[in-house]
Amino acid sequence: MAVKIKLKRLGKIRSPHYRIVVADSRTRRDGRAIEEIGLYHPVQNPSRIEVDTERAQYWLGVGAQPTEPVLAILKLTGDWQKFKGLPAPAPLLVAAPKAARPLFEALGGEDTGKGEAITQKKKTEKKDDAAAESTSTEA
């Protein structure tokens, strides 16, 4: 039985999320998996990549073949270099925690609303309609 490390797609139509799974090569893309060893969320900025290094090393050691997308992910995380005995890559970019938005008042903003509409209502239409009616009644 040939074993592959591949991506299992989850999520909505335009919001893909993947799980990195170990499965028989004959199973379909989203079919039954032997084991889940990681996550990949490409939509997030920066992309969220989590791989269980110990399990990935085990499966690579027993002969599981990664697909091309998984191989790229393993190279980013350094698991492939660790398996091959190569030097480790540069660390991944980690998302910085988002700072809370400053309050409107702290920025010096003043809320001095007038409470009235900005655009003026059109009153010319009524005058034109009244003028049209008076000319039609005279004729």
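Just so you know, these numbers use all the heavy atoms, side chains as well, and skip hydrogens, waters and symmetry mates. For reference, positions follow the sequence shown, starting with 1.
- Residue P42 comes nearest to P16 through the heavy atom pair CD-O, 3.6 Å, listed as atom of the first residue, atom of the second, then distance.
- Across L60 and P66, no two heavy atoms sit closer than the pair CD2-CD, 4.0 Å.
- A distance of 9.5 Å separates NZ of K84 from NZ of K75, quoted to the nearest 0.5 Å.
- If you chain together hydrophobic residues whose side chains sit under 4.5 Å apart, L76 and Y40 fall into the same group.
- Counting only distance, with no hydrogens or angles, the side chain of Q65 and the backbone of V3 share no donor-acceptor pair below 3.5 Å.
- Within the structure, side chain to side chain donor-acceptor pair (under 3.5 Å) contacts touching residues 9-21 (residues at least two apart or in different chains) are H17-H41, R19-E36.
- Scored by the ring pair (Phe, Tyr, Trp, His ring centres under 6.0 Å) test, F83 finds W80 as partners (sequence neighbours excluded).
- A search for side chain to side chain donor-acceptor pair (under 3.5 Å) contacts involving T27 returns K6, not counting sequence neighbours.
- Residue V21 is not grouped with residue V70 when hydrophobic side chains (ILVMFWY) are merged at heavy-atom distances under 4.5 angstrom, including chains of intermediate members.
- One hydrophobic cluster, built from ILVMFWY side chains closer than 4.5 Å, cannot hold both V43 and I49; they sit in different ones.
- Looking only at side-chain heavy atoms (C-beta outward), L7 and I73 come within less than 4.5 Å of each other.
- The distance from atom CD of E50 to atom OG1 of T77, rounded to the nearest 0.5 Å, is 11.5 Å.
- Using a 4.5 Å heavy-atom threshold, the side chains of I5 and T67 count as separate.
- Rounded to the nearest 0.5 Å, atoms NZ (K82) and CD (Q57) are 5.5 Å apart.
- Summarising the geometry, atom CD1 belonging to I37 is positioned 6.5 Å from atom CG belonging to L74; distances are rounded to the nearest 0.5 Å.
- Within the 4.5 Å cutoff, the side chain of L39 has heavy atoms near those of the R48 side chain.
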